[in-house]
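Heads up: the structure comes next, in structure tokens.
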Amino acid sequence: MSIRHGLLALLEQGPRYGFQLRTEFESRTGSTWPLNVGQVYTTLSRLERDGLVVPGGEDEAGHALYEITERGRAELRDWYASPVDRANPPRNELAIKLAMAVGSPDVDVRAVIQAQRMHTIKAMQDYTRLKAQAMEAVTRGDTALDRDDVAWQLVLDQLIFQAEAEARWLDHCETRLARLAALGPARPSTTGSAAAPAAPPAPAAPPLSAPASAAPGRLRRGGRAGRPD
């Protein structure tokens, strides 16, 4: 997540102070990636050091404001124009966990996959419910659809698609492990000092189900869409 460029995008709309930037960042993203004020001011200090923002005086309440520079605007334009780099993907804890589990003879890899699948499907259901609640509020006329609402719904869409892809990947992992087990014992690893015995065969993958536990992290959109139960 680029806090740096997110703050620049908000400052392009006009001078802002630290807590205001934090509030607007969380409003725009539905608090999916919450910030603390310390993160905001640390990032602002680095942006100022790099010549991308400058102090902008104070507002009527005495808050220290920051303004984006022309160099900062150029940096922001480059960020928008450049695709997100996939050459060095971020570490994925789930992928690392499964990779470690496959090489550990005492770990039931199938149980690890099933537990994650339950959590992932529940998360997907919660994200979908939040999106439906947000759209229903707009349909009823409880709130007008503004840019922050659209941004929040786009974030929700990404979370839903990501959960769907993760569930499919987990199914693929379980099926592949079962097929490999049917071919016979796996060769022990040669990268460590001791060879690990092969994992026991995994049974066929069960169908996807919709459990009622393991809710995702707290999400909200300005208090209007609520949060998962």
Side-chain angles (χ1 to χ4, degrees), residues 1-85 90-91 93 123 126-138 140-160 162-163 215-229:
M1 177 185 62
S2 179
I3 299 174
R4 172 188 180 96
H5 294 101
L7 298 185
L8 284 177
L10 294 172
L11 287 171
E12 189 183 34
Q13 302 170 21
R16 281 158 172 72
Y17 56 89
F19 189 80
Q20 185 179 16
L21 286 167
R22 173 198 173 191
T23 300
E24 292 189 17
F25 184 95
E26 293 190 351
S27 176
R28 190 72 59 86
T29 61
S31 296
T32 305
W33 301 283
L35 297 178
N36 60 58
V37 174
Q39 284 178 290
V40 172
Y41 279 108
T42 297
T43 304
L44 286 171
S45 294
R46 291 171 180 167
L47 291 171
E48 184 179 358
R49 176 201 64 193
D50 296 339
L52 305 180
V53 305
V54 292
E58 297 182 349
D59 63 8
E60 296 179 354
H63 298 118
L65 300 173
Y66 289 83
E67 295 180 350
I68 191 171
T69 64
E70 285 305 315
R71 184 175 175 182
R73 294 180 191 278
E75 169 95 2
L76 186 61
R77 287 193 297 270
D78 288 344
W79 182 58
Y80 282 134
S82 303
V84 175
D85 185 15
R91 292 184 180 89
E93 183 179 354
D126 288 331
Y127 298 147
T128 303
R129 186 176 70 251
L130 281 175
K131 181 180 178 181
Q133 289 173 350
M135 292 302 298
E136 183 180 354
V138 172
R140 289 197 312 263
D142 296 345
T143 180
L145 187 65
D146 57 24
R147 288 182 178 271
D148 282 356
D149 289 307
V150 174
W152 167 226
Q153 290 175 21
L154 290 176
V155 169
L156 275 175
D157 286 338
Q158 192 272 341
L159 293 172
I160 292 169
Q162 188 178 54
R218 296 176 181 175
L219 296 174
R220 65 182 184 278
R221 168 63 186 95
R224 284 177 280 182
R227 63 177 64 182
D229 296 328

Heavy-atom closest pair (L44 atom, G18 atom, distance to 0.1 Å) is CD1-CA, 4.3 Å
>> For the backbone of F25 and the side chain of T29, can you confirm whether one donor and one acceptor N or O come within less than 3.5 Å of each other?
In response: yes
Shortest non-hydrogen pair, L10 vs R16, comes out as O-NH1, 3.6 Å
- [ ] Assess whether atom CZ of R46 is packed by more than 12 heavy atoms of other residues, nucleotides or ligands within 6.0 Å.
- [x] no
Hits for salt bridge (charged side-chain N to carboxylate O under 4.0 Å, His left out) against D50, two or more places apart or cross-chain, chain-then-number order -> R4
Distance col, row Y66:OH vs Q20:CD, nearest 0.5 angstrom, shows 13.0 Å
* Within the distance-only criterion (no hydrogens, no angle test), does the side chain of R22 pair as donor or acceptor with the backbone N or O of L35 below 3.5 angstrom? -> yes
All heavy atoms of R28 vs all of A151, minimum pair found to be O-CB, 3.3 Å
Sorted by chain and number, sequence neighbours left out, salt bridge (charged side-chain N to carboxylate O under 4.0 Å, His left out) with E60 holds for none
Next on the checklist: If you count heavy atoms of other groups shown closer than 6.0 angstrom to CD of E93, is the number above 12?
Outcome noted: no
Separation between OG1 (T23) and OH (Y17), nearest 0.5 Å, reads 7.0 Å
One should read off an interatomic distance between R71 CZ and L8 CG, to the nearest 0.5 angstrom, of 11.5 Å
Rounded to the nearest 0.5 Å, the CZ atom of R77 sits from the CD atom of E75 at a distance of 11.0 Å
So CD1 of I3 and CD of Q39: to nearest 0.5 Å the spacing works out to 4.5 Å
Here the gap from L156 atom CG to Q133 atom CD, rounded to the nearest 0.5 Å, amounts to 10.0 Å
Between G6 and W79 the two heavy atoms that sit nearest each other are N-CH2, 4.5 Å
Discussion item. I'd like to know if the side chain of E48 and the backbone of P55 have a donor-acceptor N/O pair within less than 3.5 Å.
Written reply: no
